2 protein chains.
Amino acid sequence: MKPRHMHLTEDCRAVSDILQRVGDKWTVLVVGKLGEGPMRFNELRTTVGGISQKMLTTTLRGLERDGFVTRTVYPTIPPRVDYELTELGFELLEPVNALGEWARMNTARVKAARARFDAAADAAR
Amino acid sequence: MKPRHMHLTEDCRAVSDILQRVGDKWTVLVVGKLGEGPMRFNELRTTVGGISQKMLTTTLRGLERDGFVTRTVYPTIPPRVDYELTELGFELLEPVNALGEWARMNTARVKAARARFDAAADAAR
DNA sequence: AGTGCTGGTATCCAATGGATACTAGAGCTT
DNA sequence: AAGCTCTAGTATCCATTGGATACCAGCACT
C-alpha cells in the first residue's frame, strides 16, 4: 500500500462502480444470505424478507452478470433454480462484511447524528 | 437470542442502510476527496467532476445529517462554505477504503465476467 | 449598467424501484 | 375432468428518485 494518496478520479470511479452494485439495498442482503450456502429462489425471497420477485430477479441477474453468483437450473417440474456464491463472490464478502461490522458498531452514532440534525432543522423552522 | 450466524435480518438491515448511504454513486467520491482535507463547495464540484450542483448539495446534506461531515459557512461576499470530515467520517473511510482497495484489485475480473455474460446473452438471441 | 463570483434552490423530464397480476407445466384434489 | 398448487419467473403500471438546466441573492469590479 502506498503512503501517497491514490485518490485519482479513475480509481474512485471504479470504487464507486463496485459500491453501486453492492449498495443497492438488496444486494448486500442477498449476498449475505448466499454466504451461508447455496439457496433457491423462493428460499432467498422468504429469508431476505420484503423483497419482491422482480427485484430479487433483477438483483440476482446483476450479481450473475458480474460474476458474483452462479445460477443453476434443474429442469424439473416444478422448476428449481439454485444460486450460489462464486469464488469472487466470497472474496467480495470479506470487505463487505468489514463494512457491515462497522455499520453494526456505529448505527447508534449515525442515528444520534440524524436525530440531532433533524431537531436542529425543526428548530430553524 | 444467541446466533451463530450473525446474518440476522435486523443486522443486515443496518448494513444495508449504511451501504445505501455510502453506495449512492457520489458519496464515496465526495467522502474520498474530503478524506484529503476540508474543501469548499465548488472545489469539490470540480475535483469530483461530473456531479451536478443539486446532487452535490443533496449528497453533502445527507452526509451532514448522518454526522459524517461538518458544514461551516463564512458569511463573506462571495459566500464561502467549507466541508470537512468528522471523526465519524474518518472512521467510515477506513472500511470504505478497504472495499475500495478490493474494487481496484478486482475491476478487471468483474469486467471480464460482464463481457462473458453479455456475450453468452447475445449468443442466446 | 452590466458581468462575474459564490453556494445554493426550483423546475422539469428520464430512469429507476417496487407492488401487483400474469405465465407455463405437471401434480394433486375434488 | 375441472380446478387449485407450486416454482421461477415476465409484464405492466405507478411512485420515487436522479440529474440537467435555469434561476436566485448580494456585492465587487470594469
Side-chain angles (χ1 to χ4, degrees), chain A residues 9 12-13 16-17 19-31 33-34 38-66 69-84 117 120-121 124-125, chain B residues 9 12-13 16-17 19-31 33-34 38-66 69-84 117 120-121 124-125:
Chain A
T9 310
C12 287
R13 296 278 169 201
S16 175
D17 193 46
L19 275 170
Q20 276 207 271
R21 150 122 317 295
V22 158
D24 77 339
K25 180 169 186 180
W26 297 116
T27 297
V28 209
L29 302 176
V30 170
V31 171
K33 290 297 175 189
L34 286 177
M39 273 196 197
R40 303 181 54 176
F41 186 86
N42 276 342
E43 197 179 353
L44 267 172
R45 197 155 81 86
T46 54
T47 56
V48 167
I51 188 170
S52 70
Q53 287 186 331
K54 179 190 158 187
M55 286 317 294
L56 183 52
T57 305
T58 307
T59 302
L60 287 169
R61 282 292 176 287
L63 287 172
E64 191 194 354
R65 184 167 108 99
D66 289 355
V69 307
T70 56
R71 179 172 178 271
T72 316
V73 182
Y74 302 94
T76 57
I77 296 293
R80 173 202 174 101
V81 180
D82 270 22
Y83 290 93
E84 186 171 11
F117 185 91
R125 272 192 302 137
Chain B
T9 310
C12 286
R13 296 277 170 204
S16 175
D17 192 45
L19 275 170
Q20 276 207 270
R21 152 123 315 295
V22 158
D24 77 338
K25 179 169 186 180
W26 296 116
T27 298
V28 211
L29 301 176
V30 170
V31 171
K33 291 295 175 189
L34 286 177
M39 273 197 200
R40 304 179 54 174
F41 186 87
N42 275 342
E43 198 180 354
L44 268 172
R45 197 157 81 87
T46 54
T47 57
V48 166
I51 188 170
S52 70
Q53 287 187 332
K54 179 190 159 186
M55 285 320 292
L56 184 52
T57 304
T58 307
T59 303
L60 287 169
R61 282 293 176 287
L63 288 171
E64 192 194 353
R65 185 166 107 99
D66 288 356
V69 306
T70 56
R71 180 172 179 271
T72 316
V73 181
Y74 302 94
T76 58
I77 297 293
R80 173 203 173 99
V81 181
D82 270 22
Y83 290 93
E84 187 171 11
F117 185 91
R125 271 192 302 136

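To find a chain, count down the sequence lines: A is the first, B the second, and so on, and within it residues start at 1. Computation of the quantities below employed the complete heavy-atom set of this structure, encompassing side-chain atoms and omitting hydrogens, waters and symmetry-equivalent molecules. Since this is a predicted model, take the numbers as computed values, not measurements.
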Would you say a side-chain N or O of B/Arg61 is under 4.0 Å from OP1 or OP2 of C/dT9?
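So the side chain of B/Arg61 is within the cut-off, an N or O lying under 4.0 Å from OP1 or OP2 of C/dT9.
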Does a side-chain N or O from B/Trp26 land closer than 4.0 Å to OP1 or OP2 of D/dG18, or not?
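Negative; the distance criterion is not met.
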To the nearest 0.5 Å, what is the distance between [atom1] on [X] and [atom2] on [Y]?
{"X": "A/Arg71", "Y": "A/Leu60", "atom1": "CZ", "atom2": "CG", "answer": "9.0 Å"}
{"X": "B/Tyr83", "Y": "B/Glu43", "atom1": "OH", "atom2": "CD", "answer": "12.5 Å"}
{"X": "B/Gln53", "Y": "B/Asn42", "atom1": "CD", "atom2": "CG", "answer": "6.5 Å"}

How do A/Lys54 and A/Ile77 order along DNA chain C: which one's closest nucleotide is nearer the 5' end?
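First, find each residue's nearest nucleotide; the 5'-ward one identifies A/Lys54.
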If you check every side-chain atom of [X], which of [options] has the closest atom?
{"X": "A/Tyr83", "options": "D/dG9, D/dG26, C/dG7", "result": "D/dG9"}
{"X": "A/Gln53", "options": "C/dA21, C/dT9, D/dG26", "result": "C/dA21"}
{"X": "A/Val81", "options": "D/dC6, C/dT6, D/dA8", "result": "D/dA8"}
{"X": "A/Pro79", "options": "C/dG7, D/dA8, C/dG18", "result": "D/dA8"}
{"X": "A/Thr57", "options": "C/dT9, D/dC27, D/dG9", "result": "D/dG9"}

Length of the line joining [X]:[atom1] and [N]:[atom2], which is rounded to integer Å:
{"X": "B/Glu43", "N": "C/dC5", "atom1": "CD", "atom2": "C1'", "answer": "15 Å"}
{"X": "B/Leu56", "N": "D/dT21", "atom1": "CG", "atom2": "P", "answer": "17 Å"}
{"X": "B/Ile51", "N": "D/dA20", "atom1": "CD1", "atom2": "P", "answer": "9 Å"}
{"X": "A/Glu64", "N": "D/dA8", "atom1": "CD", "atom2": "C1'", "answer": "14 Å"}
{"X": "A/Phe41", "N": "C/dT23", "atom1": "CZ", "atom2": "P", "answer": "18 Å"}
{"X": "B/Met55", "N": "D/dT16", "atom1": "CE", "atom2": "C1'", "answer": "13 Å"}
{"X": "B/Leu44", "N": "C/dT6", "atom1": "CG", "atom2": "C1'", "answer": "14 Å"}
{"X": "B/Asp24", "N": "C/dG17", "atom1": "CG", "atom2": "C1'", "answer": "15 Å"}

Contact class for [X] (heavy atom, under 4.0 Å): base, sugar-phosphate, or nothing?
{"X": "A/Arg45", "answer": "nothing"}
{"X": "B/Arg40", "answer": "sugar-phosphate"}
{"X": "B/Tyr74", "answer": "nothing"}

Side chain to side chain, A/Val22 and A/Val31, heavy atoms closer than 4.5 Å:
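No, every pair of side-chain atoms sits at 4.5 Å or beyond.
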Looking at B/Met39 and B/Thr47, what are the two nearest heavy atoms and their distance?
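Heavy-atom minimum between the residues: SD-OG1, 4.0 Å.
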